[in-house]
There are 2 protein chains.
Amino acid sequence: MSDLAAERADWSTDGCSIAATLDLVGARSTMLLMREASLGTTRFSDFAVRAQLSEPMTARRLKDLVASGLLERHTYREPGSRGRDEYRLTAKGRDLVPALMALRQWGDRYASPEAGPTLAVDHADCGAPVQVELRCTEGHRVGPGEVEVSPGPGLVRTAS
Amino acid sequence: MSDLAAERADWSTDGCSIAATLDLVGARSTMLLMREASLGTTRFSDFAVRAQLSEPMTARRLKDLVASGLLERHTYREPGSRGRDEYRLTAKGRDLVPALMALRQWGDRYASPEAGPTLAVDHADCGAPVQVELRCTEGHRVGPGEVEVSPGPGLVRTAS
DNA sequence: CGGCATCCTTAGGGATACTG
DNA sequence: CAGTATCCCTAAGGATGCCG
């Protein structure tokens, strides 16, 4: 094991919150299940069918997502009828929606222009469609080109 | 091979732009390299060191990214000095910044609260920090809870 | 219906060593 | 400095089949 790898330790993330996020929810299956959850899917087999994942994958990932606190599992047992399981978004999970939308918006433009947009998101109050935007704290709308990116305090920079 | 798998064909994406995006740039290494590119990193070894990736990975992914049109490779040869290679963001690549920011914002909150924020993004005009927001087309700011998500036209729904 | 166990294949990714 | 080649390990993910 090299010095550098040792530094990175056994479970990387290298102190970057993007890396940390990807380690948690970066897997394709995870993201697709979160897409479904944000669409209101709650039942196991709906997750599997709609995300087009195998049952074992679905089971493993749902369990992971519950363990990570992005979903909550509720077992209903309305007396007389069969038990029902529900997986529902937590606040932590709901807060991932902007990331899903950002990925969707990019994909709509560049990755699958043929397909129509997935995930129509509307404002609950006024019904108007919702998009991801960049805004500065002064309230200006910021285009992707009008941005100055620099390393934040959490990112380890290395000399050139 | 099952009927369903055959339907999905050899390269899935199942008509969802989120899935398509993940297939293109979903790999951890890819995202980290795009983070670096958006930070202004242009040289091969800087990519490798700063993203903490091995050289072979770095080489493979950079090549992929160039092939997908997210980065452009320029070879400089200022007469008299050594040749220099640069990888620079294309517009397509720059448009991924909102997605990176959305992932970062989620991670800052939930995945690595200890580490400070990676990627400080500021508005080039006024210098104020930039964030990802949800806004509806009426201009209202929308919280993650005030959102009504429904399947868009591009998403294949399946009966329950 | 809502899973778990098992086995298999492929892609992600590192280590090491070598080249222009 | 900017890679390439090779080898190897692990995680992602599907197929099949069984269980409460």
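Predicted model, so just to flag it, every value in this text is computed and none were measured. Quick note: numbers below take in every heavy atom, side chains included, and nothing from hydrogens, waters or symmetry partners. Convention: sequence-line order gives letters A, B, ...; per-chain numbering from 1.
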Going by the rule side-chain hydrogen bond (donor to acceptor under 3.5 Å, both in side chains), which residues pair with [X] if we only count those two or more places apart in sequence or in a different chain?
X         : result
Glu133(A) : Arg135(A)
Thr30(B)  : none
Arg141(A) : none
Ser38(B)  : none

Checklist entry - How far does the helix from dC1(C)-dG20(D) to dG20(C)-dC1(D) bend, going by the axes of its first and last five pairs, to the nearest 10°? => result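 Here the helix ends are tilted 40° relative to one another.
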
Starting at [atom1] of [X] and ending at [atom2] of [N], how long is that distance when rounded to a whole Å?
X        : N       : atom1 : atom2 : answer
Leu71(B) : dG3(D)  : CG    : P     : 12 Å
Leu32(B) : dG14(C) : CG    : C1'   : 15 Å
His74(A) : dC1(C)  : NE2   : P     : 21 Å
Leu62(B) : dG12(C) : CG    : P     : 15 Å
Asp64(B) : dA11(C) : CG    : P     : 12 Å
Arg61(A) : dG13(D) : CZ    : P     : 6 Å
Leu33(B) : dG13(C) : CG    : C1'   : 12 Å
Asp46(B) : dA2(D)  : CG    : C1'   : 12 Å

Does a side-chain N or O from [X] land closer than 4.0 Å to OP1 or OP2 of [N], or not?
X        : N       : answer
Arg28(B) : dA11(D) : no
Arg43(B) : dA2(D)  : yes
Ser29(B) : dG13(C) : yes

Checklist entry - For residues 51-63 of chain B, which residue pairs qualify under salt bridge (Lys or Arg N to Asp or Glu O under 4.0 Å), counting only residues two or more places apart or in two chains? => result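 Matches after skipping sequence neighbours: Arg61(B)-Asp64(B).
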
Checklist entry - Looking for any heavy atom pair under 4.0 Å, which part of the strands does Phe47(A) touch: base, sugar-phosphate only, or nothing? => result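 Touches nothing.
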
Item to check | Selection residues 128-151 of chain B - residue pairs positive for ring-ring contact (aromatic ring centres under 6.0 Å, His included), sequence neighbours left out | outcome: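 Sorted pair list: His123(A)-His140(B).
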
Item to check | With sequence neighbours excluded, residues passing salt bridge (Lys or Arg N to Asp or Glu O under 4.0 Å) with Asp95(A) | outcome: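 Asp95(A): salt bridge (Lys or Arg N to Asp or Glu O under 4.0 Å) contacts with Arg109(B).
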
Checklist entry - Are Arg50(A) and Thr41(A) close enough that a side-chain donor and a side-chain acceptor fall under 3.5 Å? => result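 Side-chain D/A pair, Arg50(A) to Thr41(A): present.
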
Checklist entry - Do any N or O atoms from the side chain of Thr90(A) and from the backbone of Gly93(A) form a donor-acceptor pair under 3.5 angstrom? => result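 At least one qualifying donor-acceptor pair exists.
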
Write down the protein N/O and nucleotide N/O pairs, taken from nucleotides 4-7 of chain C, whose separation is under 3.5 Å; answer none if there are no such pairs.
residue : atom : partner  : partner atom : Å
dC4(C)  : OP1  : Lys63(A) : NZ           : 2.9

Next on the checklist: Heavy-atom nearest nucleotide on DNA chain D for Ser45(B) versus Met57(A): which residue maps closer to 5'?
Outcome noted: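 Going by which nucleotide is closer to the 5' end, it is Ser45(B).
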
